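As structure tokens, the structure follows; a few thoughts come after it.
Only this structure's heavy atoms are used, side chains among them; waters, hydrogens and symmetry mates stay out. Letters A, B, ... mirror the listed sequences (proteins, then strands); counts begin at 1. Because the structure is a prediction, the values reported are computed rather than measured.
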Number of protein chains: 2
Amino acid sequence: MTKKVVRLSDVALAAATSAKTASRVINGDPRVAPETRRRVEEAVTRLGYRVDLLARSLRRGVDDTIGVIVESIADPFFAAVISEIELAALRRGLNVIVTSNRRLPNREVAIVDSLQQRRVAGLIITPHTSDLSYLAATDTPVVFVDRHPRNFPADVVTFDDRGGARMAVRHLLRYGHQRVAFVSDDLEVETSRNRHAGYVDALMEADLPVAPELVATDCADAAVARARTCEFLDLDEPPTAIFSARSETSLGVVKVLHDRKRTDIATVSFGDFALADVLSPAITVLEQSPELLGRLAAERLFARLDGDHNDPVNTVIPLRLVPRGSGEIVPSGGAETVGGAGV
Amino acid sequence: MTKKVVRLSDVALAAATSAKTASRVINGDPRVAPETRRRVEEAVTRLGYRVDLLARSLRRGVDDTIGVIVESIADPFFAAVISEIELAALRRGLNVIVTSNRRLPNREVAIVDSLQQRRVAGLIITPHTSDLSYLAATDTPVVFVDRHPRNFPADVVTFDDRGGARMAVRHLLRYGHQRVAFVSDDLEVETSRNRHAGYVDALMEADLPVAPELVATDCADAAVARARTCEFLDLDEPPTAIFSARSETSLGVVKVLHDRKRTDIATVSFGDFALADVLSPAITVLEQSPELLGRLAAERLFARLDGDHNDPVNTVIPLRLVPRGSGEIVPSGGAETVGGAGV
DNA sequence: ATATCCCGTGACAACGATTACCTCGTCTCA
DNA sequence: TGAGACGAGGTAATCGTTGTCACGGGATAT
């Protein structure tokens, strides 16, 4: 029933040498006589020997694995990040263990612990809300992506959330909008907070008030974003433009605008998404490359693995506004209707 | 610099007992005196002890981990599958190692080996093209998802690809289409093959010929699908309907139809995708639930882990056609134009 | 000619936890 | 009262691999 697993000692026996020498061959140690090497290699292939990575890692003290923690694996944004990290790891011969915190703070800590208990070589984390500062006392290299960790300095790779949001809202204002709505996730999440700040920045610059009824910061998913967008449209003075701070929420906003045939309302999305360019109007987006985020994070981590002991590095990726139509719509209806041409 | 890690023996020492007893407490063995248990627990928290999972797994012979292999982590379909598997694993206290084969046959085998070398408790695999039949001789439980393995029986969870495709094409034929194009990935991939078979089934039933110029089976991604769709439209006798066998290709098809303002061409997509219901016309799809696929696969694997030794089970998930508009468009232009009303 | 060094090799311990197997009282029931 | 059962706990072996150290012998240095 249970197959007997081939051990290194079996190989050694078959090759008429010691386990240690067999180990040398396996690990490419040059100090082995050609003839001996040949015998070991022959035995390895004949017996179908394969290293027990658990035993090796236990002995070595570290595992050839990096742990990645994101918020949700199913989110296309994080999926792309992960995929890129995996590719980078593959090139370096490292395995990747992916986990998601699902926004549960205690799970976040549990995952980090569990990965450390596996002796991962390094970690790439999208921090949620937990205080992970105890990681600083550990010798596990950690790189944070998309958000900063709380209470301690570390390598971080983020987007220019605030600047990007400011740019997006400025863009809308330039087209004459006065009532720009803001849709985002909870401000507890750093990215949302920063994007909100950028939104406020742009309004302040233009001496426009921040209208509370136009700010929805509880959109954890597209469904909530839909509901909030409906509420916006039902206001006495509805917004003439909507800035969605996340592609997930953009899906909700766009859905409602189309259902209600209110595609006269301008829209800019923080983050591109599939088909954004196919809709009519096509959606103007702030393009952020999750692939780049993943790649830079992996590079940073690898540098640490290679012994880089310099101060933490803060990498900020700039964003690009891609005008496609929805963000270049000029205001109509609303307040203007009163004294204007009407519909 | 390097932190000294707390070992079980340190805990035992602090609790004035033996490593074995400390181990008993850690593992919830009931045969420990309350007082001793308390001392150990106190020592554990005070010293911040955490099990070395590598050592534990080495000794136990298996790791509390399941390995998942998909084609691409970035693909929303697989991302959803993975996410669901991870959730199921979480509930069972198992870790998940996710890897992608990236369609490289040799990488596929390498990954399986590497996971086995980690002594994973089980595997969930989307097989690509490699012969993995050697897994049958292993005692690692394996569940295949989305496709069947080559050359050996095993637990498999798939969708009703052929039946679904047949249903979709029948649906189009019912609306009067005579020239239905087929867009898919390489037929080397089993799902594509089955969906193509379903397409042929439906045409044969209706005594319609399979026109080679309307069949594109090389669409590995949306970009190729776009190119092929363009070619379709440029034919002397273009199709009046397109059946896209994968949501990834659907993105390409839809993009071209919109760019060229040819939304008069009917479309059905195998697989739903974000915003499919927002486009105009909204896209008629065969709804397949990657979440369900993931859940069922996990359940199957867990059953095996729990000692189920019955014959392999073949689970086929039925599909549902969701009419949204694009699949209910009646033919126009093309051959009809000759004797018809014209545009 | 003797000391030194390197090469190829192997014996042995250690990585950290668990399992198999005992010991030693105390309790229960005949 | 004696025998077995049971509870609590300990000792030593083991999981498979690799780092440490030692060793014999030929080559090189002095």
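Residues A/S18 and A/R59 both approach DNA chain C. Their nearest nucleotides, taken by heavy-atom distance, put A/S18 toward the 5′ side. Mapping B/A16 and A/N27 onto DNA chain D by nearest heavy atom places B/A16 closer to the 5' end of the strand.
Distance, A/L54 CG to C/dA17 P: 14 Å, rounded to whole Å. A/L53 places its CG atom 16 Å from the C1' atom of C/dC15, with the value rounded to the nearest Å. The CZ atom of A/R7 sits 6 Å away from the P atom of D/dC15 (whole-angstrom rounding). The CZ-C1' distance, from A/R60 to C/dG16, rounds to 17 Å in whole Å. When the P atom of C/dC15 is taken as reference, atom CG of A/D52 falls 18 Å away, rounded to whole Å. When the P atom of C/dT19 is taken as reference, atom CZ of B/R56 falls 9 Å away, rounded to whole Å.
A/T17 comes within 4.0 angstrom of the backbone, heavy atoms only, and of no base. B/R37 comes within 4.0 angstrom of no nucleic acid atom, judged by non-hydrogen atoms across all strands. Counting non-hydrogen atoms under 4.0 angstrom, A/R24 reaches a base of the nucleic acid.
Ranking C/dT9, D/dG9, D/dT17 by closeness to the A/Y49 side chain, first place goes to D/dT17.
For B/R119 and D/dC15, the shortest distance from a side-chain N or O to OP1 or OP2 is not below 4.0 Å. Close to D/dT17, at under 4.0 Å from its OP1 or OP2, lies no side-chain N or O of A/S57. The phosphate of D/dG7 has neither OP1 nor OP2 within less than 4.0 Å of any side-chain N or O from B/R31. The shortest distance between the side-chain N/O atoms of A/S23 and the OP1/OP2 oxygens of D/dT17 is not below 4.0 Å.
A side-chain N or O of A/D63 and one of A/S57 form a donor-acceptor pair less than 3.5 Å apart.
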message: Between B/R38 and B/E41, is the salt bridge (Lys or Arg N to Asp or Glu O under 4.0 Å) condition met? List the steps.
response: CA-CA 5 Å; B/R38 202 201 51 68; B/E41 283 166 350; over 6 Å; no

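Between the A/N101 side chain and the A/R107 main chain, no donor and acceptor come within less than 3.5 Å of each other. Between the side chain of B/E190 and the backbone N or O of B/H148 there is at least one donor-acceptor pair closer than 3.5 Å.
Checked for salt-bridge contact, B/R150 and B/E108 miss the test: no charged N lies under 4.0 Å from a carboxylate O.
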